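Data first, discussion second: the structure below is written as structure tokens.
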Amino acid sequence: VVNATTHEPTVAAATALASGSDGTPVAADYQIAIAETQAAGAGNILFLDTYSTTTNGYLKTSMAASNDKMAILCNPADVSAASAITDVASYRDVNGRMIYAFPYIYTTIGGISTLVNPASFYASLLSQIAPQIDPAYAANTQFLQGIESLSKTLQRSDYINLMAAGISAFEIDSDIGPKVKSGVVTQIANSSLVMIFRRRMTDYLVQSLGKFLNNYQNAVNSKENRDQVGASITSFNRLLETGGVVPKDSEV
């Protein structure tokens with residue numbers, strides 16, 4: 001077997017950006033990128049590689065205009081639990097679309113133990129679990145094995161205070177490994193809306209039914225069409241009950 005090399009791409013010289021500094025995006029660049037995600041169906045989880053008070057504000061603004069996404073926020077720097085509790089107070093909403101991750105995490109990058117913000121780990125976790133699953137479910141530790149340790153040693157009282165403030169913190173469980181302690185959103189005014197899986201399941205149901213109902217968009221408002229729509233929604237719900245995605249009436 002002979003490997004052909006004639007069609008391999010030529011290594012090109014680096015090209016400078018039209019504006020700004022190469023490799024150094026500014027806050028306005030994040031604002032533009034976040035705005036691009038506002039289109040319906042453009043993903044379900046929004047997170048950044050680096051954070052500042054300004055970019056957290058952009059995420060909050062974006063979530064206020066969203067009906068199908070959640071955003072992961074965190075403190076711009078590795079700070080104490082008390083500082084994080086003070087900071088998260090600036091990021092409340094009504095619909096529970098913001099997750100405030102804490103604390104910073106040590107992971108291996110290029111063979112070196114490196115301190116990173118927790119957003120990417122949280123986003124990775126959510127991308128691998130179904131919407132009805134609580135991020136704090138013990139079995140989810142299998143998706144977080146890249147976490148070596150946390151930047152903060154947190155006590156039980158710290159986790160209680162963080163949860164009450166609307167902060168979803170990581171822990172290193174001595175028995176099972178790295179996991180989320182409490183899967184809560186920053187919205188704490190309404191206790192029935194505080195769980196992350198509640199928001200994700202609501203979006204899943206609304207989006208799934210919305211896509212199906214497109215088949216009846218602008219159709220004649222006849223009894224036959226109404227019956228078909230109602231029967232289809234009922235059938236979809238029964239499938240979810242059978243699959244254990246939503247509880248049956250007898251389980252509620």
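No hydrogens, no waters, no symmetry mates; every other heavy atom, side chains included, goes into these values. Here the structure is a predicted model, which means the values were calculated and not measured.
A 6.0 Å sphere centred on OH of Tyr137 holds no more than 12 heavy atoms belonging to other residues, nucleotides or ligands. More than 12 heavy atoms of other residues, nucleotides or ligands shown are found within 6.0 angstrom of CZ on Arg226.
No side-chain donor from either of Asn56 and Tyr100 sits under 3.5 Å from a side-chain acceptor of the other.
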(request) Show your reasoning for whether side chain to side chain contact (heavy atoms under 4.5 Å, CB included) applies to Tyr58 and Leu48. (result) CA-CA 11 Å; Tyr58 293 153; Leu48 308 178; over 6 Å; no

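Among residue pairs with one or both ends in residues 142-192, those qualifying as ring-ring contact (aromatic ring centres under 6.0 Å, His included) are Tyr122-Phe170; sequence neighbours excluded.
Residue Ile105 is tested with Leu115, Ile147, Asn117 for a side chain to side chain contact (heavy atoms under 4.5 Å, CB included); the sole match is Ile147. Under the side chain to side chain contact (heavy atoms under 4.5 Å, CB included) rule, Phe102 has a single partner from Leu162, Asp78, Asn75, which is Leu162.
Taking the side chain as every heavy atom from C-beta outward, Ser120 and Asp49 never approach each other to under 4.5 Å. Side-chain contact between Glu171 and Lys179 is present, with heavy atoms from C-beta onward closer than 4.5 Å. When side chains are defined from C-beta on, Leu59 counts as touching Tyr51, because their heavy atoms get closer than 4.5 Å. A 4.5 Å side-chain heavy-atom check between Ile99 and Met70 finds at least one atom pair inside the cut-off. No side-chain heavy atom of Asp87 sits less than 4.5 Å from a side-chain heavy atom of Val79.
Salt-bridge annotation for Lys69 and Asp203: absent, with no side-chain N of the basic residue lying under 4.0 Å from a carboxylate O of the acidic one.
Among all heavy-atom pairs drawn from Ser151 and Pro103, the shortest one is OG-CB, 3.8 Å.
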